[in-house]
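Notes for the one structure printed next.
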Amino acid sequence: MKNNTMSLYYKTIILFAVFLFCTNMFAKDYFVHPKTGSDTNTGISKKHAFKSLQRASKVNLKPGDRLLLAHGETYTNGLVIVGKKGTAQKPIVITSIVWNSNKSLSPAIINFKGLPNGVLIEDSSFLELSNIQLTANGYSEDSKQNSKMRCGILVRNNNLDAMGHLVIKNITIYNIYYENTGFNRGKDEVRTANGTQKYGWGIRVMNNKTTIIDDVKIMNCSISNVSHTGIKLTGINKNISNIKILDNVVKHTGGPGIQMSGVTSVYVANNTISHSGNADDTRKWGRGSGLWTWGSSHVLIEKNEFLYANGPGDSAGAHIDFNCDNIVLQYNISAYNAGGFCEILGNNYNCAYRYNISINDGYRIKGKNGAFQEGKILWLSGYQGGNKERKGPVNSYIYNNTIYSDSTIVSKIAIDNTSNGILIANNIFYLEGDSKAVLGDQYKPDKVSGDLAKNVFFKNNLFLNTKSWPAGVGIVDEAPIFGNPDFVNKGGIKAEDYIPKNVSLIKNKGILVKLLESDANGLIQSLELKPKKDIIGNVIKNIPSLGAIEPK
């Protein structure tokens, strides 16, 4: 009996090895070259390469197959990947490589001018897309398409119960516009929630059905000059999940840098978002925060740079729109963003800004240059939709941040009196100019009343002087500290610039950060607040005493 069992065991091992060998042996490479290829070829060697992306789109890609474009070459039209499925061990790979005579290190370019998408990934799983450039600057008269939008990469699920396990990396996307140069947006477009006209987008992951998209990584991509959002996730009922957005550079987008709606379990780290809401082209929307979330759960946003956001409304470094829970922003740099630093809108639960550095955020002045919202360094809003009664955020944690504004800025603060559960502790408010209490102004201003926010813990913050927290906000620090931390280089946008030289003012002055008395749950499990000291040394680049009062 024992011998038979051992025999069966070894047969199983041998059969599995044969399976792996055969899978690898039958995986194929398909080549596409726009100059030397022909669509009558087999595509299975450089010598017999396909010519067009239309032909390449028809290949029945199997696990382990690769679709290879040529470095330094430009392809027209778009690539369509529908119904393709690799495996975890053998993903389908789409990339560009160095070809024979052309030693260019520049990845292949897909110019899909006039078409809906540069790359469409639909109903496909276990796929890797890398080392390709995508551009589409408007349309020619013979190629104009009546699509709803133009996307560098569009990922969507139409027919599968679940799709995913996608990697999008080392992609360059630039100059994505639906309209041609000279087109002028309507003046009221920027006042709508997301724009109503047709735009160009960088990377979009969309799922408007009951299906699931799970496990998508967007890494080391460069996105610039798109007329709306750089990276956008659009789901319903949290049907997009387990997303990682890492090490990307997103700049000069007409809308937000990164935006997500209806998603859960998202990790956003080490990205640089610069000049969102850019308006240097009349085809751009001209409004947008570096990042914002809506209707989303369990999102960790850390170690990013949010710089120079522009626009007449919102346009913060990163903000939390309504109907979210467990959104945590930590260890980020937020600098020179017109709309502000900390913005948490209504019906949000257990959200946090901690260990961030804000530099000259919220300089926008309502009524000036078309602005319809004040810029604010701190804003807790009751807005949860135009037709709903105001309901402020619940259990908002704001601690161990450094907030610096120079003397040219009036720092504005708005706290909706329907807010319930606020912790503000161990922050540095270095405000050289005046400060001012204002009403929240998300489409409809907050109402003035004698009511105050409930369940507030506001204690042990360092203020430059007595002007650094305005009267009229409705809450007051019960144990403030006053003094000048003497930053290394105030006004700079590096973490090192905000190391306090006046160490004695902050060292051993921190207090324990505990859960609010009204909070029975805390933040998401991996970030749960506990009644213990936070370690300030574990901050951006491990600089000691950076960005907040140091705990005892």
Side-chain angles (χ1 to χ4, degrees), residues 155 157 162-167 203-208 210-219 229 231-248 256-271 273 289-304 306 316-332 342-356 380 384 391-399 420-421 423 513 515-516 518-530 534:
V155 177
N157 188 350
M163 67 165 278
H165 310 290
L166 307 176
V167 177
I203 299 173
R204 293 204 67 169
V205 180
M206 299 183 67
N207 195 11
N208 58 5
T210 57
T211 57
I212 293 171
I213 296 178
D214 182 77
D215 185 18
V216 178
K217 299 179 179 66
I218 302 172
M219 306 184 298
T229 304
I231 300 172
K232 186 173 178 67
L233 314 176
T234 308
I236 55 173
N237 298 322
K238 318 292 171 60
N239 62 351
I240 296 177
S241 59
N242 295 312
I243 310 298
K244 293 183 178 180
I245 302 174
L246 310 173
D247 302 301
N248 303 285
I258 300 173
Q259 196 279 322
M260 60 195 75
S261 301
V263 302
T264 186
S265 301
V266 181
Y267 182 49
V268 183
N270 299 310
N271 302 281
I273 315 298
S289 294
L291 179 150
W292 64 276
T293 64
W294 179 86
S296 297
S297 298
H298 295 191
V299 181
L300 175 58
I301 303 159
E302 67 173 0
K303 300 179 183 178
N304 304 282
F306 301 112
H319 84 264
I320 305 170
D321 221 292
F322 57 91
N323 294 345
C324 294
D325 66 86
N326 290 289
I327 313 297
V328 176
L329 293 95
Q330 61 183 18
Y331 309 135
N332 302 290
C342 175
E343 177 181 336
I344 307 176
L345 299 190
N347 199 40
N348 285 310
Y349 291 81
N350 291 76
C351 297
Y353 283 70
R354 60 189 190 184
Y355 295 104
N356 303 287
L380 303 183
Q384 56 169 338
K391 177 187 177 183
V394 177
N395 297 333
S396 302
Y397 293 88
I398 303 162
Y399 64 97
N420 186 351
L423 183 146
V513 176
L515 295 181
L516 289 159
S518 58
D519 184 3
N521 299 313
L523 301 178
I524 52 179
Q525 184 175 0
S526 61
L527 297 169
E528 182 182 2
L529 284 170
K530 296 180 180 179
D534 282 278

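All values below come from the heavy atoms of this structure, side chains included, with hydrogens, waters and symmetry mates left out.
The backbone N or O of N395 lies less than 3.5 Å from no partner atom in the side chain of N420, so there is not a single donor-acceptor pair.
Judged as a side chain to side chain contact (heavy atoms under 4.5 Å, CB included), and not counting sequence neighbours, the contacts of N239 are N207, I236.
Minimum interatomic distance between N304 and N270 (heavy atoms only, all atoms of both residues): OD1-N, 3.2 Å. The minimum heavy-atom distance between I320 and L329, with the atom names listed, is CD1-CD1, 3.8 Å.
Of the candidates I258, N356, I301, F306 forms a side chain to side chain contact (heavy atoms under 4.5 Å, CB included) with just one, namely I301. Applying side chain to side chain contact (heavy atoms under 4.5 Å, CB included) to I218 and the options D247, I203, N271 leaves one that passes, I203.
Side chain to side chain, Q384 and K391 fail the donor-acceptor criterion of an N or O pair below 3.5 Å. No donor-acceptor contact under 3.5 angstrom links the side chains of Y397 and N350, judged on distance only. Remark: the Y355 side chain and the E302 side chain contain no N/O donor-acceptor pair separated by less than 3.5 Å. Between the side chains of S297 and D325, at least one donor N or O sits under 3.5 Å from an acceptor N or O. Inspection of the N323 and N347 side chains reveals an N or O donor paired with an N or O acceptor under 3.5 Å.
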For S289 and H319: C-alpha separation, side-chain torsions, deciding distance, then whether side chain to side chain donor-acceptor pair (under 3.5 Å) applies. CA-CA 7 Å; S289 294; H319 84 264; 2.7 Å; yes
Can you check side chain to side chain donor-acceptor pair (under 3.5 Å) on D215 and N242, steps first, answer last? CA-CA 5 Å; D215 185 18; N242 295 312; over 6 Å; no
Yes or no on side chain to side chain donor-acceptor pair (under 3.5 Å) for T234 and N208, after CA distance, side-chain angles and deciding distance? CA-CA 8 Å; T234 308; N208 58 5; over 6 Å; no
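Note: S296 OG to N326 CG = 11.5 Å, rounded to the nearest 0.5 Å.
Residue K244 qualifies as open at atom NZ: its count of foreign heavy atoms under 6.0 Å is 12 or below.
Annotation: side chain of M260 is in contact with side chain of V299 (closest heavy-atom distance under 4.5 Å). Between P256 and L291 there is no side-chain heavy-atom pair separated by less than 4.5 Å.
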